[in-house]
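Worksheet for the structure shown next.
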There are 2 protein chains.
Amino acid sequence: MTQASAPIDLSQLRRSCRACGLLELCLPAGIDQAELERLDSSVRDKRTLESGGMLFRQGDPFHALYVVRSGTLKTVVQDADGAQQVLGFHLPGEIVGVDALAHDAHQSSAEVLERSSICELPYSRLEELTAQIPGLQRQLLRIVSREMVAEQSHVVTMGRQQAQERLAIFLRSLSERYGRLARDTTHLILPMSRYDIANYLGVVVETVSRLFTRMEDLGVLRVSRKVIHILRPDLLGEMCGAGGARERAGRAS
Amino acid sequence: MTQASAPIDLSQLRRSCRACGLLELCLPAGIDQAELERLDSSVRDKRTLESGGMLFRQGDPFHALYVVRSGTLKTVVQDADGAQQVLGFHLPGEIVGVDALAHDAHQSSAEVLERSSICELPYSRLEELTAQIPGLQRQLLRIVSREMVAEQSHVVTMGRQQAQERLAIFLRSLSERYGRLARDTTHLILPMSRYDIANYLGVVVETVSRLFTRMEDLGVLRVSRKVIHILRPDLLGEMCGAGGARERAGRAS
DNA sequence: CGGTCCGTTGACGGGAATCAAGGAAGGTGG
DNA sequence: CCACCTTCCTTGATTCCCGTCAACGGACCG
């Protein structure tokens, strides 16, 4: 897993709250410099985890939220039957652990897919801050709501019955998020396995493998193990909506 | 849509915040009687909508959260292609509109499936209250997080590749929620159409129709139009996990 | 009473799951 | 450094579930 991906990006490791994904949730609320310092000092608590490590497990008591500083995580839920479902992949700047707010216990497990650096935000500390900083609470609500919307768009993706559409949407979404990180949007390095992708999309691994091959044959992608080169973003975009032909009305009521 | 379902339940219409689903989010935080009165008076704003009416539409500016007092809603999201995806059905005591917190605009539309009474909680008013009532903010976070977890379980449902499992899970979940409303858990009256159910589960109508017939043949249900009688809850439970046989490992990484 | 939408059923075909096998990569221990 | 093993990924053959197309009865509504 610690293969050909770029060596540790020091500049990324040094990013403080100022450059963090969480910041957008503070600044618009009119947080001043002093308040930002306070926030920054609260999240100093960082840790680095190796591939395969667990940030938290389903059922663990809740005591902190986490922000990915570098690397990638996946969140997985396991139901009574032992069947697993991948809920999401989390890139730098994205938050993890929000589902634990509901019942004071994590509803999913977070596993590290490649060496990652994580910011830990102890919730007790966060509560103190929200009491002092007006607007931070509102921003916190915004974050959680945003996570819910992300989950909804996952539902929309799985609502497509063509597996190819699902994979196309997944790749496009990943590309967009890479763009937000100022990475090359046409050169994706997938930290997750084909199994993870398949499970995330609700198909089997063979289907994902075949679809990669098909997309390669169509000249949309070039696939080489973990590296996906998007040759035709336009075609990829077309494949996201109704696999090439008529619209699926999706009539309801 | 306003067919054989029970006539308007007056006792239900009279329920105040005390008996409302939202209350559980206030009480544990140690809200006292006076505070409860204040909260109650803020949500006095109720409205009744007829079947087919829209509570809000995708894109509408956010200004309130809503709680279903009686009746049923569905939330639907429409993507760029015009394809629709049903995100959920909302029974009395359940909250709607939380997805608008993220971007100050509703990300989905809420349609009324049968005559419904809705409590409106103007967000401006809610913000005032949260400033005054300690703990209410925490409870609000809890609500939103809970909605996210609900969305996650929808993902888990759609992750099952057997359509029968999905329908079984849907029915069991609906039965459980009926139980929470002190309704008969074996006698479901479905306010939503087969199209809605199909779309919600990511299958086509014909599949839902056939599955109802099959489940009836298996002696699990009795189906009569909108009325579903669960004859064998135990069998229904079995059908939720791995359609009858081996476990689907769902291995991932 | 005609129109429209809803729900069911049948026939058919396609797309994806299943079963099976083999190669490539990565990690470990000798 | 190589042998060995495990895991990952791919490809092929086959099966079958479910989506598609089509037709029809029933409910609801103007």
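Here is how names work: the chains are called A, B, and so on, in the same order as the sequence lines, proteins then strands, and each is numbered from 1. The figures that follow rest on heavy atoms only: side chains count, while hydrogens, waters and symmetry mates do not.
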Any donor-acceptor pair under 3.5 Å linking the side chain of B:Arg194 with the backbone of B:Val208?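 No, the answer is negative, given that no donor and acceptor are paired below the 3.5 Å cut-off.
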In plain terms, say whether B:Asp99 and A:Arg146 are close enough for a salt bridge, that is, a side-chain N and a carboxylate O under 4.0 Å apart. no
Between A:Arg222 and A:Glu216, is there a salt bridge with N-O shorter than 4.0 Å? no
Roughly, in whole Å, what's the span from [atom1] in [X] to [atom2] in [N]?
X: A:Tyr195; N: C:dA25; atom1: OH; atom2: C1'; value: 14 Å
X: B:Arg160; N: C:dA17; atom1: CZ; atom2: C1'; value: 16 Å
X: B:Phe212; N: C:dT8; atom1: CZ; atom2: P; value: 8 Å
X: A:Met158; N: C:dA16; atom1: CE; atom2: P; value: 14 Å
X: B:Arg194; N: D:dG26; atom1: CZ; atom2: P; value: 16 Å
X: A:Asn199; N: D:dC9; atom1: CG; atom2: P; value: 13 Å

On DNA chain C, compare the nucleotides closest to A:Arg225 and B:Arg225; which residue's is nearer the 5' end? B:Arg225
With sequence neighbours excluded, what pairs up with [X] under the side chain to side chain donor-acceptor pair (under 3.5 Å) test?
X: A:His90; result: A:Thr75
X: B:Thr157; result: none
X: A:Arg177; result: A:Glu94

How far apart are the C-alpha atoms of A:Tyr200 and A:His154, what are their side-chain angles, what is the distance that settles it, and do they pass the ring-ring contact (aromatic ring centres under 6.0 Å, His included) test? CA-CA 9 Å; A:Tyr200 176 78; A:His154 188 188; 4.0 Å; yes
Mind checking salt bridge (charged side-chain N to carboxylate O under 4.0 Å, His left out) for A:Arg232 and listing every partner two or more places apart, or none if nothing turns up? A:Asp234
Does OP1 or OP2 of C:dG7 have a side-chain N or O of B:Lys226 closer than 4.0 Å? yes
Can you see if the side chain of A:Thr213 gets near the phosphate of D:dT10 - specifically, an N or O under 4.0 Å from OP1 or OP2?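 For D:dT10, neither OP1 nor OP2 has a side-chain N or O of A:Thr213 closer than 4.0 Å.
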Might you work through the ring-ring contact (aromatic ring centres under 6.0 Å, His included) test for A:Tyr66 and A:Phe56, ending with a clear yes or no? CA-CA 10 Å; A:Tyr66 305 89; A:Phe56 53 79; 5.7 Å; yes
Pairs under 3.5 Å (N/O, protein and nucleotides 15-19 of chain D):
| residue | atom | partner | partner atom | Å |
| --- | --- | --- | --- | --- |
| D:dC18 | OP1 | B:Ala163 | N | 2.7 |
| D:dG19 | OP2 | B:Val204 | N | 3.3 |
| D:dG19 | OP2 | B:Thr207 | OG1 | 2.5 |

If you only use heavy atoms from C-beta on, which nucleotide in C:dC6, D:dT11, C:dT8 is closest to the side chain of B:Ser209?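 When the side chain of B:Ser209 is considered, C:dT8 is the closest of C:dC6, D:dT11, C:dT8.
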Near DNA chain C, under 4.0 Å by heavy atom, which residues of residues 215-223 of chain A? none
